[in-house]
Amino acid sequence: MRPGLRTFAAWVAVAALLGCDGGRPAPTTLAEAVDDIVAPHVALGANVGIVVGVSQAGQRSTFSYGERRLGTGEPLTADTIFEIGSVTKAFTAVALAQMHLRGELGLDDPLQDFLPPGVRVPTRGEGVITLRHLANHTSGLPRQPTNMDTDRDDPYAGYTEERMFGFLGGYALPREPGREFEYSNAGYGLLGYALGARHGTDFETALRARVLDPLGLTHTSVTLTEAQRARLAQGYHGNRAVEPLRMEGITQGGGALKSDLDDMLTFLDAAMGVGPSPLEDAMRLTQEQTFGSFDTVYFQVDGVGLGWNLDVQDGAPIVFKNGGNIGFTAFIGFDRERQHGVVVLANSSLNPDAFTTFIGLEVLKKLRELEEPAAGRSR
């Protein structure tokens, strides 16, 4: 199944314990389908809590499972705030596309042009790292900077511009930029920094001006207000409570955003082209394929745009992005042609990215299956 989660031990265990079909009839409503897919993850302790949002041509449905804080019974709601991890990259890419379309920068501008004097960006052969390379993960930079301590819950805390620039100056690219896909949080941190530099401020300010404010996303930010902090879900790694990530400015473009289901559904509708949007052209640009297939631990994907994964699921082209920080996982994906889209947010990271990605892809599949019998009856 493409894109599909590869078989892995946790899902096999869930499926075995549930008996998957259990002789139950196939779901006939969206609520039944979502419940069949999501409830087992919470019931068996695979996740503390999950919210799911579905948009069908702008008609929204939301579903909530589990708890905001383990053991309290406090429910998650559509305005509970979650860290969205690497789904941030889709927002960063839209800001890049918007600035490109306005002529403020070019996708093929060298990263070097956006960094302070004296900072060295590695090269290989005749190739230099461009903004496009950062946005489609073909820069040759590694997943994380080699001088980051990744053995702790929050490797980003205290990781400054100076440390990132030191990493760049000492890193040797393994290949010429543009040749191969290699997922890079480091690259997206630098992309966010570059956008902030060109905007004349910082990443968060640039993103708010270019994406968040134009779409009216008032509950999405890097830095939470006091009111937003009060609505932030407790994050868990398994059943262990963890503190929110403290991502420094130089790393924020890759995974620092927090958001709620309502705002994420608004972003989803804009990405799908539901109704007029000031960012319609930028959204479409990010969804154009810029590189071919790639392989990850959990899934295989046919192509990559700017910030988005592009694939075909059961013959239907889909666009999606997943993400996970310690304590949270997230998914956003859609079928633009059918105007079906799904957002999944979870406040636990026992299996980073995997469960929310599985849920999101399965809900998209069920949306098609529920639509097809109805179309058949109408004929």
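The chain is numbered in sequence order, starting from 1.
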Do [X] and [Y] have side chains that get closer than 4.5 Å, going by heavy atoms?
| X | Y | value |
| --- | --- | --- |
| D302 | L310 | no |
| F267 | V94 | yes |
| V38 | F63 | no |
| L107 | T290 | no |
| Y159 | N147 | yes |
| S64 | T77 | no |

Please list, chain by chain and in numerical order, all residues satisfying side-chain hydrogen bond (donor to acceptor under 3.5 Å, both in side chains) with R68, sequence neighbours excluded. E74
Before accepting this row, confirm whether a basic side-chain N of the pair [X]/[Y] lies closer than 4.0 Å to the acidic partner's carboxylate O.
| X | Y | result |
| --- | --- | --- |
| R336 | E280 | yes |
| E182 | R175 | yes |
| R368 | E371 | no |

Shortest non-hydrogen contact between [X] and [Y], atoms and distance:
| X | Y | result |
| --- | --- | --- |
| R69 | Q234 | NH1-OE1, 3.4 Å |
| A135 | L96 | CB-CD2, 3.7 Å |
| T266 | L215 | CG2-O, 3.6 Å |
| T72 | E67 | N-OE2, 3.2 Å |
| L207 | A95 | CD1-CB, 4.0 Å |

Side chain to side chain donor-acceptor pair (under 3.5 Å), that's the test. Do R231 and T225 meet it? Break it down for me. CA-CA 10 Å; R231 293 191 287 114; T225 65; over 6 Å; no
Walk me through it: do Y65 and D35 pass the test side chain to side chain donor-acceptor pair (under 3.5 Å)? CA-CA 9 Å; Y65 300 83; D35 198 59; 3.3 Å; yes
Heavy-atom neighbours of Q289 CD exceed 12 at 6.0 Å: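 More than 12 within 6.0 Å, yes.
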So for atom CD, which belongs to E162, do other residues, nucleotides or ligands contribute more than 12 heavy atoms lying within a distance under 6.0 Å?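 Count over threshold, so yes.
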Return the [atom1] to [atom2] distance between [X] and [Y], rounded to the nearest 0.5 Å.
| X | Y | atom1 | atom2 | result |
| --- | --- | --- | --- | --- |
| N325 | L245 | CG | CG | 4.5 Å |
| L261 | L265 | CG | CG | 4.5 Å |
| H137 | Y188 | NE2 | OH | 5.0 Å |
| Y156 | T150 | OH | OG1 | 9.5 Å |
| T80 | L232 | OG1 | CG | 9.5 Å |

Quick one: does [X]'s side chain have a donor or acceptor within less than 3.5 Å of a partner on [Y]'s backbone?
| X | Y | answer |
| --- | --- | --- |
| S139 | I129 | no |
| E83 | F328 | no |
| R208 | T220 | yes |
| K258 | S221 | no |
| T251 | E248 | yes |
| S184 | P142 | yes |
| D269 | V274 | no |

Sequence neighbours excluded, the answer for side-chain contact (heavy atoms from CB on, under 4.5 Å) partners of P116 is V119, F165, Y193
Over 60° means perpendicular and under 30° means parallel, so tell me whether W308 and F334 are parallel, tilted or perpendicular. perpendicular
Any chance you could lay out the side chain to side chain contact (heavy atoms under 4.5 Å, CB included) test for T62 and V51, step after step, and finish with the verdict? CA-CA 7 Å; T62 61; V51 293; over 6 Å; no
Kindly give the cluster partners of V242, where membership spreads through any ILVMFWY side chain lying under 4.5 Å from a current member. I326
